[in-house]
Engineer: 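Here it is: the structure, laid out below.
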Amino acid sequence: MNNTLGSTVLGYPRIGPNRELKRAVERYWAGQIDDDELRRVAAGLRRDTWRELAAAGLGSVPGNTFSYYDQVLDTALMVGAVPARFSGPGPLDTLFAMARGRDGVPALEMTKFFDTNYHYLVPEIGPETRFELAGRKPVEELVEALELGIRTRPVLLGPVTFLLLAKGHRPLERLDALLEVYAELLVELHAAGAEWVQLDEPAFVADRTPAELDALARAYQRLAGVPGRPRLLVAGYYGDLGPALPVLADSPVDAIGLDLVAGSADLSRVAALGDKTVLAGVVDGRNVWRTDLEAALAKAAVLLGSAGRVEIGSSCPLLHVPYDVAVETGLSGVVRDRLAFARQKLREIEILDRALHHGRDTVAEEFADAARRRHPDRTGERDDRVRARLDALGTTHFRRGPAGRRARLQRDNLKLGPIPTTTIGSFPQTARIRADRAAHRAGRLDGGEYERRMRAEIERVVRLQERIGLDVLVHGEPERNDMVQYFAEHLDGFAATEHGWVQSYGTRCVRPPVLYADVSRPEPITVRWSGFAQSLTARPVKAMLTGPVTILAWSFVRDDQPLGQTARQVALALRDEVRDLEAAGLRIVQVDEPALRELLPPRTAGRADYLAWAIDAFRLATGGAADTTQVHTHLCYSEFGDVVDAIDALGADVTTVEAARSNMEVVAALGAGIGRGLGPGVYDVHSPEVPTVDDIAGLLTAAAREVAPERLWANPDCGLKTRAEPEVVAALRNLVAAAATVRGG
Ligand code: GLN
Ligand code: ZN
């Protein structure tokens, strides 16, 4: 039996190079294919993935990286954590019911996976949850691969992270029971032929309590003590393991995976690794740039003296990057050269593995070629005008007049009464609008006709809002496919891929833009749409921009300069856009920052730096607005505990947040923390129910106890574009009526 781990990746994309899985699952949902056909597609994707990984020369091929929907959901099913409301016919239907709900049975909650843009389903652990080995997906996939002649290393979500991701009454207290299930699984995996098993514990790159670190220690004492077990690789990623590293080093596991890209701080903590194998995650699993092989090798080499054996790995699972650069024929040669998607990263790992174990000389040519293709000379991509403008900024560029004075001026300018009504920006997008956009993009609809149709839609939406009686109108965003992609397409410095899809959740995939050079705005972006909307009506129209942090969060961003510097370039472009909007007659501008919280570093120690540049970028983008212009921001979530001060520091005149689902709990915290306008969402756009006037009036009355009516706004949560128009209209009419009642009362 081979007891070395070998080089490897922690995980691999699973949606299929052409999103085959998405298509098959959606056809299954629509009843167009049966479960046999769906399983056949899935098996084909697994086979192709294993063959590709085995052919890439990895020392160890990860298994169980496939999922129909989400690996956290798979784990819940495997350990029997299925809430009673889902008990149903077949396993596949139970899985999809948990993911999407079924006949009035609500789905599991979905939330972001750590600081990534991947979303997982939150397991529910209650006192009634009885852990048992209820599913054997990892064993079945191991056997399936063995039949193809490939011995995989099953990848499991670690038991402690699983419980930390779950909700319920103190899930972590159920650890011991859960460990018995994992122990049983390890025995079965070993019996089925697994030599190594990987357990992922990314929860430990965030700050953890002593009790949680104890749980980690207990878990791996128990699992490593299982007689007849495979070898265990425990991986932490998306940051440094910090105090969890000595805990794992003291445990009897065989190997530890470190993220030496996001968590290079761990390099200074490796003295105690003893004879353990370390998987040095030096190839970035989250970003798309070609690896600096020289630097990566040097990092891995640092570990040589402190561990039993060092192997080359990816920093995290490759789930967050697209499959293959080779198919991106539309990119310029230089940009394409610089990129490494999943397939290219396999090759980088193989080269680094040879360099580490057989000497750099054996791969000198590969190193030289890779260095050349990184095209380190970027002078051709510098935008000296942008850089000069940024160098010349002073503190006044980040500051507007005093908030009290702004509020007075805006009252005169906008003439809004107490509790004004508005929406968050988008209106329902019809199939017709999507088809027009696609036709225009494909060149089948000429510019003039496209413009005419979009204007017609904007006019329709403006009139509709007037009839509903909203105070502050929006143009409805019909021209936008996606709030980040739209801006990326209109700014210099970004490139778009054709096939660069990554999974966001379930069958939803996104194609993040690639920010590769200095950013600038060749011409106004939104002015012709928002300006047109304002020209139609006497009521104020709120223009919609996506903020700098969100644009970076949902793109693949150059890593040759600090993020804060890149954020400032984006902010400068938005600042110019704000000015142009004002000149076109817009008196309100909203800058959406739904991702502000998502990028928050997992450890508190890193947060101050991040928040400093994030706030700085927002203030640069909005700081040029006249004091008479009302600046709004929108944040897409409702748990603000640790970032209230940061939100206050953005300095927006009005902040709208998601609140309906959390029953307005957010209002107390933000009402006290932000001295200016606040719009807690009073219509949960994700719920199938249309709220009544009484429902909304109740929420607004509760909010008015915390926030004075002069500061309070009435608006729905975001995402109207995902709903059908009749329900949106009904909900907004009720919202307008409710605001009138509360004002009067
Ligand atoms: N303006 C956007 C909308 O209403 C905001 C979306 C978001 O917050 N994610 O759709
Ligand atoms: Zn939102």
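Quick note: residue numbers are just sequence positions, from 1. Every number for a ligand or one of its atoms is a count from 1 in the order of the listing. The model shown is predicted, which means the values in this text are computed figures rather than measured ones.
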Engineer: Please write down residue, atom name and distance for the protein heavy atom closest to atom 3 (C) of ligand 1.
Structural biologist: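 Of the protein heavy atoms, S426 OG, 3.4 Å lies nearest.
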Engineer: Find out whether the Lys NZ or Arg CZ of R100 is both under 6.0 angstrom from the six-membered ring centre of W29 and within 45° of the ring's axis.
Structural biologist: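 That pair qualifies as a cation-pi contact.
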Engineer: Could R455 and F532 be counted as a cation-pi pair, given that NZ or CZ must be under 6.0 Å from the ring centre and within 45° of the axis?
Structural biologist: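 Pair R455/F532 counts as cation-pi.
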Engineer: Does the N or O separation between Q590 and ligand 1 drop below 3.5 Å for any pair?
Structural biologist: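 No, no N or O pair falls under 3.5 Å.
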Engineer: Tell me whether the centres of the aromatic rings in H320 and Y238 are closer together than 6.0 Å.
Structural biologist: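 Distance test on ring centres: under 6.0 Å, yes.
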Engineer: Does the side chain of Y118 come under 3.5 Å of the side chain of D70 through a donor N or O and an acceptor N or O?
Structural biologist: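 The criterion, which ignores hydrogens and geometry beyond distance, is satisfied for D70 and Y118.
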Engineer: Quick one: look up the protein heavy atom nearest atom 5 (C) of ligand 1 and list residue, atom name and how far away it is.
Structural biologist: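 It is D592 OD2, 3.4 Å.
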Engineer: Hey, does K721 sit under 4.0 Å from ligand 1 if you only count heavy atoms?
Structural biologist: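 So K721 does not count as touching ligand 1.
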Engineer: How wide is the angle at the Zn ion (ligand 2) between SG of C718 and NE2 of H634, to the nearest 10°?
Structural biologist: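 Approximately 110° at the metal, rounded to tens of degrees.
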Engineer: Under a 3.5 Å threshold, yes or no: a donor from one side chain and an acceptor from the other, between E582 and T629?
Structural biologist: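 A pair is found: one side chain offers a donor N or O, the other an acceptor, under 3.5 Å apart.
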Engineer: Please report which non-hydrogen protein atom sits nearest to atom 6 (C) of ligand 1, along with the residue it belongs to and the distance in Å to one decimal place.
Structural biologist: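 Scanning the protein heavy atoms, the shortest distance from atom 6 (C) of ligand 1 goes to M483 SD, 3.6 Å.
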Engineer: Is it the side chain (CB and beyond), the backbone, both or neither of C636 that lies under 4.0 Å from ligand 1, heavy atoms counted?
Structural biologist: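 The side chain, only.
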Engineer: So, applying side chain to side chain donor-acceptor pair (under 3.5 Å) with Q503, which one of H119, K22, R14 is it?
Structural biologist: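 Of H119, K22, R14, side chain to side chain donor-acceptor pair (under 3.5 Å) with Q503 is met by R14 alone.
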Engineer: Using a 3.5 Å cut-off on N or O atoms only, is H634 in polar contact with ligand 1?
Structural biologist: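 For ligand 1, there is an N or O atom that lies under 3.5 Å from one belonging to H634.
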